[in-house]
Every structure is written in C-alpha cells, then in structure tokens.
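Have a look at the structure below before the remarks.
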Amino acid sequence: FENFFFKLFLSPSPDEEALVTAAATNGYKLIQRTATTASVLITDLENKNEPVENIFEVLRVLEFTSERKRMSVILKTPQNKILLLTKGADTEIQKRLSPNSNKLLME
C-alpha cells in the first residue's frame, strides 16, 4: 500500500510532494483530495495502533502569491474544530509566530 501511495501522489510543486512525503513518514497519509475534502489515514506511530481514516472538510484555500509568499488551507476536522495549515517562505512564517514560538525554534 505504501509504495502504491507514493506512486500515485504527483504535484506540480516539489515542496508539496516533500510535505506529503514527510507527513506520510510521520503517520499522516493523504488518501484522497477533492475540492471540498481531504481524506487522511492517520497512524499513531508511538502506540502502533491501526490507521484510522479521517475526512477533513476544506473550507477555504488561500493560494500562494508572490505578495503573501505563503499558501494556506482552512479545514474543519472530524471533531468540528477549525484548523489553519500554512506553508511558505521561512521569513514570512517566522514573523507571524508568537515570540514564544521563535524561542522554541532557536533551541
């Protein structure tokens, strides 16, 4: 299944492929993506539990622009929580973190 997964996921962005590969290595495997949902197989690597499929509702995609220098997606989790995921230039992300987050990154 894992080899099948990696062969199927293609993206025009090498960054996106790297993020999906890193997520899969850490127990989060993208199963299916539509305009309105993202299905993710989540494995608790510490407890070695069986993977559980979670379907996230895609509420909004904020596309990358040269002005924003980042891309974001707003999701609703299966537990009805709102989640914001952002990727982008390190300098743009770091200046939006709380001061406490910056201290953790420097350690």
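Positions are given from 1, in the same order as the sequence printed here.
When the side chains of ILVMFWY residues are joined at heavy-atom separations under 4.5 Å, either directly or via intervening members, Val73 and Val40 end up in a single hydrophobic cluster. At a threshold of 4.5 Å between side-chain heavy atoms, the hydrophobic network of Ile, Leu, Val, Met, Phe, Trp and Tyr places Tyr28 and Ile55 in two separate groups.
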**Request:** Verify side-chain contact (heavy atoms from CB on, under 4.5 Å) between Ile82 and Ile74, making sure each step is shown before the conclusion.
**Result:** CA-CA 7 Å; Ile82 302 300; Ile74 302 170; 3.7 Å; yes
**Item:** Worked check of side-chain contact (heavy atoms from CB on, under 4.5 Å) between Leu75 and Val58
**Value:** CA-CA 5 Å; Leu75 304 170; Val58 178; 3.8 Å; yes
**Asked** Between Leu85 and Lys87, does a side-chain contact (heavy atoms from CB on, under 4.5 Å) hold up when you go through it step by step?
**Response** CA-CA 7 Å; Leu85 301 175; Lys87 70 170 188 144; over 6 Å; no
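Across every non-hydrogen atom of Gln79 and Asn54, the tightest pair is NE2-OD1, 4.4 Å. In terms of heavy atoms, Thr86 sits closest to Leu84 at OG1-CG, 3.8 Å.
Within the 4.5 Å cutoff, side-chain heavy atoms of Met71 are placed close to those of Val61.
Separation of atoms CD1 (Ile31) and CD (Glu53) is listed at 6.5 Å; rounding is to 0.5 Å. With values rounded to the nearest 0.5 angstrom, Thr21 atom OG1 is found 11.0 Å from Lys29 atom NZ. To the nearest 0.5 Å, the span separating CZ on Phe64 from CZ on Arg70 amounts to 10.0 Å. The structure places CD of Glu57 at 9.0 Å from OG1 of Thr37, a figure rounded to the nearest 0.5 Å.
Taking a 6.0 Å sphere around CZ of Arg60, one finds it holds 12 or fewer heavy atoms contributed by other residues, nucleotides or ligands.
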